[in-house]
Amino acid sequence: MTKHIYIYSPSSAIRDKAAFRRGVARLKALGHDVEVDEAALSVHQRFAGDDATRLAAISRAAASGANIALIARGGYGLTRILDQIPYKAVAKAIGKGTEFVGCSDFTALQNALLAKTGGVTWSGPAVGEDFGAEAGADDIMEACFDDLLSGQGEGTGWRMPVRDAELKVKPVQDAVLWGGNLCVLTSLLGTPYFPAVDKGVLFIEDTNEHPYRIERMLDQLKMAGVLARQKAIVFGQFTGIRKVPGYDRGFGLDAVVERLRASLKVQVLTGLPFGHVPTKVLLPVGARVALAAEGRDVFLVWGHRHAHAHDHHDHAH
């Protein structure tokens, strides 16, 4: 099942060229026709080329006719150019069958596109960190990517942590899935690029943020009225948390989640396998989803038959 994959760099410059080469080689080894954008390895300051270069790369990705437009890496750079991105061209490409996939800084483009056009993109792997991982690409990530390529992907599932074993998950039907990196998402608040999603399922992840910074961002979203309007808030993986020994005294991510649950009527779920981690599922940002659970097993379902999550447990892994 050969697919045309277009690789471009809309954010930070590629630092680990070996990982990038491994990622490209891995995608080729999987049998795909891989096209690397002419500016993918460009460098300007910390960026993959200046703003105009990266905007042109996004336009080329949209015009590529590829099955998948995949970011080389995340980092930083998209928020700088949100007022210039060719949203109509990207939405048109999606309409013609190009799936845009990425994570981290890509959250900015995904949510801006959703706000501007309603276009659906995928939170998922990047070339270097994921396909080019030194230990080899993660099996589950690759299986989810393959599901997207083959059109088989109808949902995902995971087990909530043991500490949430007693949590009663209220089923959600026909809700917009949105979110991504918490820091990038919060930076869009109050701009035209922040999606006005009501009764949605908001998923979040982050890396190298202290729990107090995570809490402060969540409080900002809460006080702005965003969180109370959702049907569910789903925590993905928060990695690289370094607490201050002897000082934080039990103030960690668990405490942040507990306080959020106490201050919100909206259900807060944890354990989604997505974030700056090797094992990441692919999630359709802007798509309508259903959410259901049996005990600690949670099912998030999309696709044309997503209306009743409980019918599809066999598809949800």
Side-chain angles (χ1 to χ4, degrees), residues 8 10-11 58 61-62 67-71 74 78-79 82 85 87-95 97-126 130 141 144-145 147-149 151 153-156 158 172 174-189 191-206 217 221 226-227 229-237 269 272-277 280-291 298 300-304 306:
Y8 67 113
S11 301
I58 294 168
N67 301 103
I68 302 273
L70 185 62
I71 64 166
L78 279 163
T79 36
L82 286 181
I85 285 171
Y87 296 105
K88 282 202 178 83
V90 174
K92 198 169 153 188
I94 291 168
T98 299
E99 308 284 10
F100 283 76
V101 180
C103 54
S104 189
D105 190 54
F106 192 62
T107 297
L109 192 155
Q110 295 184 278
N111 285 278
L113 185 79
L114 178 57
K116 289 285 181 194
T117 72
V120 175
T121 56
W122 293 82
S123 288
D130 295 301
M141 180 278 292
C144 293
F145 188 73
D147 279 349
L148 172 60
L149 290 172
E154 295 195 331
T156 191
W158 73 96
V172 175
D174 206 32
V176 172
L177 180 69
W178 68 297
N181 180 268
L182 177 61
C183 183
V184 175
L185 185 70
T186 306
S187 74
L188 302 178
L189 195 61
T191 73
Y193 309 108
F194 191 88
V197 178
D198 281 311
K199 300 185 175 69
V201 173
L202 172 63
F203 72 95
I204 51 173
E205 60 81 22
D206 221 320
M217 289 186 278
L221 293 172
V226 174
L227 300 188
R229 299 207 310 266
Q230 307 309 314
K231 280 273 167 97
I233 294 147
V234 182
F235 278 66
Q237 304 303 304
L269 280 55
L272 174 71
F274 185 79
H276 288 68
V277 288
K280 53 165 72 79
V281 296
L282 274 78
L283 301 165
V285 169
R288 294 195 165 269
V289 300
L291 179 80
V298 185
L300 184 67
V301 184
W302 53 83
H304 53 284
H306 73 257

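Because the structure is predicted, anything quoted here is derived from the model rather than measured.
By the 4.5 Å heavy-atom criterion applied to side chains, Leu185 and Leu202 are counted as neighbours. Contact of the Leu272 side chain with the Leu283 side chain is registered, since non-hydrogen atoms from C-beta on lie closer than 4.5 Å. Within the 4.5 Å cutoff, side-chain heavy atoms of Ile94 are placed close to those of Leu113. With a 4.5 Å cut-off on side-chain heavy atoms, His276 and Cys103 do not count as touching. At least one side-chain heavy atom of Val285 sits less than 4.5 Å from a side-chain heavy atom of Phe203.
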> Could you walk me through whether Val234 and Leu300 pass the side-chain contact (heavy atoms from CB on, under 4.5 Å) check?
Replying inline: CA-CA 11 Å; Val234 182; Leu300 184 67; over 6 Å; no
>> Using side-chain contact (heavy atoms from CB on, under 4.5 Å), reason through Val184 and Leu78 one step at a time and then give a plain yes or no.
In response: CA-CA 10 Å; Val184 175; Leu78 279 163; over 6 Å; no
> Step by step, would you call Tyr87 with Leu82 a side-chain contact (heavy atoms from CB on, under 4.5 Å)?
Replying inline: CA-CA 9 Å; Tyr87 296 105; Leu82 286 181; 3.6 Å; yes
>> Between Trp302 and Thr156, is the side-chain contact (heavy atoms from CB on, under 4.5 Å) condition met? List the steps.
In response: CA-CA 9 Å; Trp302 53 83; Thr156 191; 4.2 Å; yes
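Contact detail for Lys116 and Pro192: the closest heavy-atom pair is NZ-CB, 4.0 Å. Among all heavy-atom pairs drawn from Pro284 and Val120, the shortest one is CB-CG1, 4.0 Å. Closest approach of Ala93 to Ala62, counting heavy atoms only: CB-O, 3.2 Å. Taking each heavy atom of Val281 and Phe274 in turn, the nearest pair found is O-CD1, 3.3 Å. Listed here is the closest heavy atom pair of Ser187 and Thr191: O-CG2, 4.3 Å. Residue Arg229 comes nearest to Val197 through the heavy atom pair NH2-O, 3.9 Å, listed as atom of the first residue, atom of the second, then distance.
Separation of atoms CG (Leu221) and CG (Leu182) is listed at 6.0 Å; rounding is to 0.5 Å. Taken to the nearest 0.5 Å, the OG atom of Ser104 stands 5.5 Å off from the CG atom of Asn181. Between Tyr8 atom OH and Phe100 atom CZ the span is 5.5 Å, to the nearest 0.5 Å. For the atom pair OG1 of Thr79 and CG of Asp105, the computed distance is 6.0 Å after rounding to the nearest 0.5 Å. Distance check: Trp122 CH2 to Leu70 CG gives 14.0 Å after rounding to the nearest 0.5 Å. Distance check, rounded to the nearest 0.5 Å: CG of Leu282 to CG of Asp147 gives 9.0 Å.
Not a single donor-acceptor pair under 3.5 Å links the side chain of Glu99 to the backbone N or O of Ile68. One N or O on the side chain of Asn111 and one on the backbone of Gly179 form a donor-acceptor pair closer than 3.5 Å. Checked by atom type and distance alone, the side chain of Asp206 pairs as donor or acceptor with a backbone atom of Cys183 at under 3.5 Å. In this structure, Thr117 contributes its side chain and Leu114 its backbone to no donor-acceptor pair below 3.5 Å. Put simply, the side chain of Arg288 gets close to the backbone of Asp174: a donor and an acceptor are under 3.5 Å apart.
For Trp178 and Phe194, the gap between ring centers is short of 6.0 Å.
Each of Glu205, Gln110, Lys280 was evaluated against Ser123; a single residue qualifies, Gln110, per the side-chain hydrogen bond (donor to acceptor under 3.5 Å, both in side chains) test.
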